[in-house]
Amino acid sequence: MNYQVVKTGFKQIIDLINEQELFTFIYDDPYILIKLASATLLGLSTFYFSKIWYSYRFFKNRNIPTPPYRFFYGNNLELTRDNNYSEIIQKWTEKYGKTYGYYEGHFPVVVTSDLEIIQEKIFGSRDDNAPDHMLFTASRTKWKVMRNIMNPTFSAAKLREIGPLIVKSADRLNQVLSNEGENEINISEFFKRFTMDSIWMSAFGEDIDVQNNPENKFFKKCEEMFVFMAKTNLTTHISNYFHEFQEIFLQTVIILEKFFSLFIDFNLFYPIIWFTNHVFEIVDRHKMEKGKKKNFLQLLIDAESDAKDDLLNIDDYTKVKLNKKLSQMEIKLNLTLFMFAGYETTSTTLSYATYILAKYPDEQLKLFEAISTVLDKEEDVNSENVLEIEYLEWFVKEVLRIYPIANSAVARRCTKSTKVKNIDVPEGLVIAVDVMSLHFDKDLWGPVDPNEFYPPRHETKRNPLGFMSFGNGPRNCIGMKFALIELKIALCKLILNFEILPSKKFPERLELIETIVRRPKNGYNVILKKRNL
Ligand code: HEM
C-alpha cells in the first residue's frame, strides 16, 4: 500500500517534469523560489530551535540543579556580565550545591567542587574540536604523545640549565625598579616586562631587553594580543550560541583567511598572526644557526619521547604511530603557547604577591627573615637555593590559593560515557572545576579561616585536589616548576633589595576582572624603599 503511494507520487513528479509543468508553475508564480527558500529556512530553523529546546532537558533528565536560564542564551548573560566567571560559579555552588549544571547557550556544562567527581580518571581532553598541534588544545592520543615528549623539557635538571636566564631577568628588574627611586609606581607594569624578558630568553635564548625598552614591538604586540583575545568576537558568539557549527565556522574562516591573505596583510590587523609569524621566523633562524644554547626551543628540538612502552599498555593508544619527535609546526606552535601561558599568569601572580606584602607588613617581615636566613645577599640567589626556603614555598602557594589565576582552564571533557556518583555522564560532557569553592573550603583548608592569608597552613599535608591553581592530574600545568622558580627568584631579589610600602591610595581590597586570567582590574601603586643590608 505504502509502496503504491510512493510509486504514484514519483510518477506524478516525473510526468510533471516531462511535461514541463513544473517550470510553467514557476513562471506562473514569480515568488515561488523565495517562498520555497523561506519554507526551507523556516523548516530548518524550527528543527534547530526544537533541538535547542530539547537540549535544555539535559540537566532536568538527570535531576541536576541549575541556576535559572534563558532560552537560547542559557546562563551566558549572567556569566559574562561582569567578567567574573570564578565568583559567579562560586556563588552558584553556595546556592545549588557541590555539583550543578549551567548552559553555555544550550551547551550543558557541569560544575563541581566534589572531590570524588574531580578525581575520576575519565575526564581527559579540553576540546575535541580544537587544533591538535598545541599541547593546551590537543586531544587524547595526540596530547598524550606530545606531553610525554615535552615533560622532560621541564624537568628539574633542564630547569637548572635555564635558571641563569631567569636570574639575569630578575637582576634587570631590580635595576629598573632602583631607577624609580621612591616614586609611587604601578609595579604590575614592571612585572609584565620582567616575565616577558625571562620567558623570551628561556624560550628562544634571545635577550630583547623589554625592561629597558618598554616600546619593544614584541612586547607591544603581546599586550595587544591579550587585549584582542579577551574581547568577545564572532567566534566567541558562534561557540557560545551555535557550538554545533563551531568547527565548520573555523574551517571556513581559515579558508577565507588563506584566500584573502593573497590581497590583505593580516599581520597589520591581527596581533596574534603577527606574533605567531614572528615566533616562526625566530625558530627558522635558530635552526639555520644550529645553536646549542640552553633554551626551550633547543630542548624541544632535542626532545625525544621515551614513552613508547607505557603508551603501548593503554588500549586507546596502541594503534597510534608514535612519532618520537615533535614536528616543526608543533615546536613553533608550542613555543607560541609557552609565551601565552607563561607571560600574564606569572606576572599577575607577582602582582598579587606584592599587594599582600605591601598590605601586611608582618608578612613582609616574616618572608624577609625566612629568605635572609638562607641567602646572605641578593647575588647569591639562584634557581636551586630559592627552592630550599620553606616559608617562601608556603607564601607563594598561599598567594595562589587566595588568588587563583587561570580557573576557567581547569575543565575537561569526559572521554567515555559512564556513571559518576549516580550521574549519567555522556561522552563529550564538559566538567568545570569550581576552583574558588575548593580554595576556600573550611574542611580542606581549616582550622584557620580560609579567607585569611596564612602561609603556615601549607605546613599541614592537605588533599592535593584542594589546590587547583596549576590544575591537577596528568593534564596539569606543564610550566608549573618553571613558574615557581621564576616567581621565587623574583620575590627573593625584590625583598632582599627593597622594603615594599603601600601608596597613599592603596586599595583596601583588590577589585578583580577575569578574562583569560583573573587579575586586578585597576592595578595599585607601591613605593619601594631600598634596604640597607
Ligand atoms: C603562575 C603561573 C601559572 C599558572 C597559575 C598556570 C596555570 C595553569 C592552569 C590552571 C592550567 C590548566 C591545568 C589543568 O587543566 O589541570 C595550565 C595549563 C598549562 N600551562 Fe600553565 N600556568 C602558569 C604558568 C605557565 C608557564 C610559565 C607555562 C610555560 C612555560 C605554562 C604552560 C602551560 C601549558 C602548556 C598548559 C597546558 C598543559 C596540558 O594541557 O597538558 N603555564 N596552567
Side-chain angles (χ1 to χ4, degrees), residues 85-86 118-119 121 123-127 130-151 153-155 158-159 162 165-166 169 191-192 194-196 198-204 295-297 299-300 326 330-331 333-353 396-397 399-413 430-436 438-439 464-465 467-491 514 516-519:
Y85 165 83
S86 301
I118 295 172
Q119 73 190 3
K121 299 277 183 280
F123 305 121
S125 53
R126 289 206 176 81
D127 186 349
D132 255 359
H133 292 299
M134 267 198 205
L135 194 66
F136 192 83
T137 47
S139 54
R140 302 180 192 207
T141 319
K142 192 63 194 272
W143 167 80
K144 177 99 186 172
V145 174
M146 242 189 314
R147 178 94 190 207
N148 271 301
I149 298 175
M150 284 162 67
N151 268 343
T153 308
F154 291 90
S155 69
K158 298 283 189 237
L159 290 177
I162 288 193
L165 301 175
I166 307 175
S169 309
F191 290 146
K192 280 187 191 175
F194 157 69
T195 48
M196 181 54 108
S198 57
I199 189 93
W200 198 277
M201 269 200 251
S202 310
F204 308 116
N295 51 55
F296 287 135
L297 170 54
L299 290 172
L300 290 183
L326 295 175
E330 284 163 355
I331 292 176
L333 287 174
N334 280 300
L335 279 169
T336 315
L337 169 66
F338 290 175
M339 303 297 305
F340 273 130
Y343 161 64
E344 223 188 350
T345 46
T346 319
S347 65
T348 306
T349 311
L350 282 171
S351 297
Y352 286 134
V396 171
K397 272 194 161 173
V399 170
L400 282 164
R401 183 188 68 82
I402 296 260
Y403 297 116
I405 286 178
N407 305 341
S408 53
V410 194
R412 302 278 191 283
R413 270 173 196 263
V430 170
I431 313 262
V433 173
D434 176 0
V435 175
M436 297 290 284
L438 288 173
H439 281 203
L465 293 176
F467 183 74
M468 283 283 173
S469 288
F470 292 102
N472 208 284
R475 196 118 206 193
N476 72 348
C477 174
I478 198 172
M480 178 177 74
K481 283 190 198 144
F482 173 84
L484 287 173
I485 291 177
E486 192 183 1
L487 289 167
K488 288 177 180 179
I489 290 179
L491 283 172
E514 189 166 6
I516 298 164
V517 300
R518 191 165 172 261
R519 60 185 164 82

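Because the structure is a prediction, the values reported are computed rather than measured. Note that ligands are numbered from 1 as they come in the structure, with each ligand's atoms numbered from 1 the same way.
- For the residue pair Leu135 and Arg475, the shortest heavy atom distance occurs at O-NH2, 2.7 Å.
- Within ligand 1, counting atoms from 1 as listed, the ones closer than 4.0 Å to a heavy atom of Asn472 are 16 (O).
- Listed by atom number, the atoms of ligand 1 under 4.0 Å from Ala483 heavy atoms are 2 (C), 24 (C).
- Taking only nitrogen or oxygen atoms, main chain and side chain alike, Arg475 reaches within less than 3.5 Å of ligand 1.
- Between Ile166 and Ile485 the shortest heavy-atom distance is CD1-CG2, 4.1 Å.
- Trp143 counts as a contact of ligand 1, since one of its heavy atoms falls under 4.0 Å from the ligand.
- Heavy-atom proximity to Gly471, at under 4.0 Å, picks out these atoms of ligand 1: 10 (C), 13 (C), 14 (C), 16 (O).
- When heavy-atom distances to ligand 1 are checked against a 4.0 Å cut-off, Leu337 comes that close only through its side chain, counted from C-beta outward.
- Residue Phe482 approaches ligand 1 through these ligand atoms, each under 4.0 Å from one of its heavy atoms: 27 (C).
- Each of the atoms 1 (C) of ligand 1 lies under 4.0 Å from some heavy atom of Thr349.
- Counting heavy atoms closer than 4.0 Å to ligand 1, residue Arg147 contributes side-chain atoms (C-beta onward) but none from N, CA, C or O.
- Within the structure, ligand 1 lacks Met480 among the residues with a heavy atom less than 4.0 angstrom away.
- The Thr346 neighbourhood of ligand 1 comprises atoms 2 (C), with distances under 4.0 Å to a heavy atom of that residue.
- Relative to atom 35 (C) of ligand 1, the option among Val433, Ile478, Ile405, Thr348 with the closest non-hydrogen atom is Ile478.
- Summarising the geometry of Leu337 relative to Phe136, their closest heavy-atom pair is CD2-N, 3.6 Å, with the distance given to 0.1 Å.
- For Ile149 against Thr153, the heavy-atom pair with the smallest separation is O-OG1, 4.2 Å.
- By the criterion of a heavy-atom distance under 4.0 Å, both the backbone and the side chain of Leu135 are placed next to ligand 1.
- Remark: side-chain polar atoms of Thr349 are paired, donor with acceptor, to backbone N or O of Thr345 under 3.5 angstrom.
- Those atoms of ligand 1 with a heavy atom of Arg412 less than 4.0 angstrom away are 14 (C), 15 (O), 16 (O).
- Between Asn407 and Ser86 the shortest heavy-atom distance is ND2-OG, 2.8 Å.
- With a 4.0 Å cut-off on non-hydrogen atoms, Ala138 does not touch ligand 1 at all.
- Applying the 4.0 Å criterion to heavy atoms of Val410 picks out, from ligand 1, the atoms 10 (C), 15 (O).
- Aromatic ring orientation, Phe482 versus Phe154: perpendicular (interplanar angle above 60°, classes split at 30° and 60°).
- Residues Met201 and Leu165 approach most closely at O-CD1, 3.5 Å, considering heavy atoms.
- Side-chain contact between Asn472 and Ile118 is absent, with no heavy-atom pair separated by less than 4.5 Å.
- Leu400 places a side-chain heavy atom less than 4.5 Å from the side chain of Phe467.
- Of the listed residues (Pro474, Gly479, Cys477, Ala203), the one carrying the non-hydrogen atom nearest atom 43 (N) of ligand 1 is Cys477.
- Judged purely by atom type and a 3.5 angstrom limit, Thr195 uses its side chain to pair as donor or acceptor with the backbone of Lys192.
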